[in-house]
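A short write-up of the structure that comes next.
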Amino acid sequence: MSDEEARPPSAIRGRLPATARWKAGRDINNAAAMLLHEGRVNEGAVKLREAVALTRVDDIDGEGLDLRARALLNLASAHEFGGDLDGALRLTDEGLDAAAQTIALIGDERATRTVQINGMLSRAQTLTLMDRLDDALDGIADAEALLDDPAGDEVDQRDLLAFAVHNARTAALIMTGRLQEAEDEAKRGLAIAVTVGPELSGHAYANLGVIAQRTGDDAAAREYLQLAQHAQQLGGDATGRQLAVENLAREAMQAGRHREAEDGFRKAAELAGRIGLKTRLAASRTGLAAVQLQAGRAGAAAKTLRVLLTDLGQDAAVHERLEAQAFLGDAESARHRYPAADEAYRAALDLTRSASERARVNLRRAEMHAEWAAMSFTPRSRMQRLEKARDLAIPVLLVTEALRDGFAPGGTRERWSLQVAAPARELAFRLARTLGDAALLFELVENAAAAVTLQAVAESADTALSAGALLPFPIPEPPSAPDAPSGDLDELPAAAAGLTGGASATASVRFAPPPRVVAMPGAAPVLDAWIDAAEAEYGLTLRSATMVAAW
């Protein structure tokens, strides 16, 4: 392998050799890029500032602007590694401006278009960490459009950039709770990664593992995380090695190997700290706390999380703070410190943006209030806490049932129903029974009947998943184009729920909001007030305006 082939993408790989005027700056940038690749972030940042300084001249030409763009974008990555997201965004914008000036002066003779698109995707990644998800998705779409329409010039490293588009969009979609779309994007990225460089597939597998976890498929999550770990070990860069260790720890935690998982998360945190990856450091320390909590050491978990939250501060990546606060709520609840638990859950809620994230936190709050009720000394306080738990649990139940409609018919949708919505349903029924509310129980039964399942489809999908998982790096079949709905058949009734023609990459139909159910003639629709409350809380349409009789 030549020196040019061995360089990471952040090094200069232009079409023309550097002229004498800018050769020193090019060499400094490339050396700094290798330092970032090796995890020596602070040393790399020092060199990158030197490279940028060389371009601060009045008579700068197109080649110098190209160098400035590359050095600034690399420096932005160093700031993002260190958790300075505002600084990273500022430097990225300056780097993109320099890239645009370069292209205006000399076109793409130095492969600046590749730098520009990569910078746009880096900017979207930073925006994702800042929880500016709509802006991130818009930026990814702009980068993809530029990749597909390169103004007449051939874009260098097209396949690598195409993978980066899918990977960046997957991460943003996961954060917004659009898990079906995220899964589709991750599989598109995986199909590219296994042909461009198998080490890239680690990112796609890790994302698929997260999606599997969030949709209740622990077995698939373990397999994806194992594949991610194998792929990331091939990468050779410091961040890939850190992620490989972290994924091994997550797999051990899922399998209940607590000591191995704890050691793994400590090692991952040590590697992240050494490199300066603050976001991954936070994720590893949260993982450590999760293992401690799983192993019954709630006090140790709470201490780990409180130290982490103090270190993170208010400017840290939103998702890392959300996860830490939610796990802190779990830890304090396990210690029967319920006011502290509720405070942590409320702090997590303030950081949620998607309905699925909000529902997950509120379900944990509902369980906590139910446990708190059992510890209450007076009948009045017990009743108040049971009612609070009920008021949280029923909207969560309605929302988690509605969220499954974002999945294509098949195994993932059914696992969501059986493993994600089911805990909310069980809690709601248990609370109604404990409160002695027969009318509410009746309404919950009617609500449960107002949905359909695809159990036969789920079984065949699960079988296919198990068979495909035997391959070390499976290449998924490209998704087929959906059949266009014809005429008036875009809304199809199915039991008490509707089917609507959809544009999913994996299916030609999707569930529409089911109708509201009237339990008794002349009475108000079942759970009407709860539905209204849930729609207001979560910003979703849970039921259509249509009403059907239960009997």
Side-chain angles (χ1 to χ4, degrees), residues 8-9 117-118 121-122 124-125 128-129 133 136-137 140-141 143-144 147 157-215 217-237 239-251 254 279-280 283 319 407-408 411-412 461 464-479 504-506:
I117 295 171
N118 195 54
L121 294 171
S122 296
Q125 177 178 294
T128 298
L129 292 172
L133 300 175
L137 289 167
I140 294 165
E144 186 174 37
L147 179 63
Q157 298 177 292
R158 177 181 290 276
D159 287 343
L160 182 62
L161 290 172
F163 168 79
V165 165
H166 293 305
N167 191 60
R169 186 177 283 129
T170 299
L173 289 170
I174 289 174
M175 300 288 273
T176 61
R178 295 157 61 182
L179 299 181
Q180 180 66 64
E181 295 171 73
E183 184 176 12
D184 294 342
E185 280 294 304
K187 288 181 177 178
R188 292 185 190 109
L190 181 60
I192 296 172
V194 296
T195 60
V196 175
E199 67 277 3
L200 293 175
S201 65
H203 299 288
Y205 283 127
N207 284 329
L208 286 167
V210 171
I211 295 165
Q213 285 176 327
R214 295 192 180 190
T215 54
D217 192 347
D218 291 339
R222 282 194 295 273
E223 291 172 357
Y224 282 133
L225 290 176
Q226 288 171 344
L227 290 169
Q229 180 264 327
H230 292 312
Q232 285 155 346
Q233 283 183 330
L234 297 174
D237 65 304
T239 56
R241 290 193 297 273
Q242 190 278 334
L243 280 170
V245 174
E246 190 179 315
N247 282 331
L248 274 179
R250 293 191 191 285
E251 190 277 326
Q254 283 193 303
T279 298
R280 295 267 43 98
H319 181 69
F407 297 100
T412 301
L465 176 63
S466 298
L470 296 176
L471 297 174
F473 293 102
I475 302 176
E477 292 285 27
S504 169
T506 55

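In this structure A193 satisfies the side-chain contact (heavy atoms from CB on, under 4.5 Å) test together with F163, L200, S201, sequence neighbours excluded. For E246, the salt bridge (charged side-chain N to carboxylate O under 4.0 Å, His left out) criterion is met by R250, R280, not counting sequence neighbours. The side-chain contact (heavy atoms from CB on, under 4.5 Å) search around A182 returns T170, L173, I174, I211, not counting sequence neighbours. Residues passing the side-chain hydrogen bond (donor to acceptor under 3.5 Å, both in side chains) test with E185 are H166, R169, R188, sequence neighbours excluded. Under the side-chain hydrogen bond (donor to acceptor under 3.5 Å, both in side chains) criterion, T176 pairs with no residue at all, not counting sequence neighbours. Under the side-chain contact (heavy atoms from CB on, under 4.5 Å) criterion, T128 pairs with L133, A136, A172, M175, sequence neighbours left out. For Q254, the side-chain contact (heavy atoms from CB on, under 4.5 Å) partners at least two apart in sequence or on another chain are Q213, D218, A221, R222, L225. A search for salt bridge (charged side-chain N to carboxylate O under 4.0 Å, His left out) contacts involving R178 returns E181, not counting sequence neighbours.
Rounding to the nearest 0.5 Å places CG of L190 at 11.5 Å from CD of E183. To the nearest 0.5 Å, atom CG of residue L160 and atom CD1 of residue I117 are 11.0 Å apart. For the atom pair CD (Q226) and CG (L248), the distance works out to 8.5 Å, reported to the nearest 0.5 Å.
Nearest heavy-atom pair across N167 and A204 is OD1-N, 4.3 Å. Counting all heavy atoms, side chain and backbone alike, I192 lies closest to T195 at O-OG1, 2.7 Å.
Contact annotation: the side chain of L129 never approaches that of H319 to less than 4.5 Å [non-hydrogen atoms, C-beta and beyond].
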